[in-house]
Amino acid sequence: MMIRQEYKTVTIYEVYKGSKCIGKGTVVELAEKFGKNKTTIYGWGRQSKKPIVELVEHNITYAIKVGKRRVKIDVYRKSRPGFKLEEAKLEEFEEEQREFESKEDRRLRRNIRAQMAIENMRKDDSVFK
């Protein structure tokens with residue numbers, strides 16, 4: 001699993017009930033705040049294409065786009081099931097480190113692993129004696 005951070009541009013909405021502003025934020029934030037589905041919030045945005053006077057008159061909930069915001073999000077590339085996030089972070093860190101390794105560094109790491117395996121075998125042999 002690879003984890004990387006990306007910037008995403010999200011639209012900011014103001015939600016009105018009649019003529020009163022009852023909330024401001026992204027679609028996800030508004031959906032959490034009002035306990036509604038995201039598609040409902042988008043539907044409120046489509047309501048605002050009708051004449052505002054008519055919406056205020058009938059006390060209809062609607063949303064108006066007021067701007068955009070850039071947010072940093074974590075993007076996870078899924079791999080095998082049951083793969084833990086800590087393992088993914090460790091794996092990504094190791095991959096980043098290996099990008100800058102030379103031949104000598106790789107050879108040294110391989111020799112250290114071999115030496116550790118030999119020591120483990122010796123420990124196992126001494127336990128059985």
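Nothing fancy with the numbering, it's 1 onward along the sequence. No hydrogens, no waters, no symmetry mates; every other heavy atom, side chains included, goes into these values.
Under the 4.5 Å side-chain heavy-atom criterion for Ile, Leu, Val, Met, Phe, Trp and Tyr, Val15 and Tyr42 are members of the same hydrophobic cluster.
To the nearest 0.5 Å, atom CZ of residue Arg113 and atom CG of residue Asn111 are 10.0 Å apart. Atom CD of residue Glu14 and atom CG of residue Leu30 lie 10.0 Å apart, to the nearest 0.5 angstrom. Atom OG1 of Thr61 and atom CZ of Phe34 lie 8.0 Å apart (nearest 0.5 Å). Considering CD of Glu32 and CD1 of Ile41, their distance stands at 10.5 Å, rounded to 0.5 Å. Atom CD1 of Ile22 and atom OH of Tyr16 lie 10.5 Å apart (nearest 0.5 Å). Here Arg109 contributes atom CZ and Arg106 contributes atom CZ; the two are 8.0 Å apart, rounded to the nearest 0.5 Å.
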Start with the C-alpha gap between Ile12 and Thr26, add the side-chain angles, then the distance that decides, and say whether side chain to side chain contact (heavy atoms under 4.5 Å, CB included) holds. CA-CA 5 Å; Ile12 306 299; Thr26 65; 3.8 Å; yes
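Closest non-hydrogen pair, Lys33 versus Gly23, comes out as NZ-CA, 3.7 Å.
Heavy-atom neighbours of Lys17 NZ from other residues, nucleotides or ligands within 6.0 Å: above the threshold of 12.
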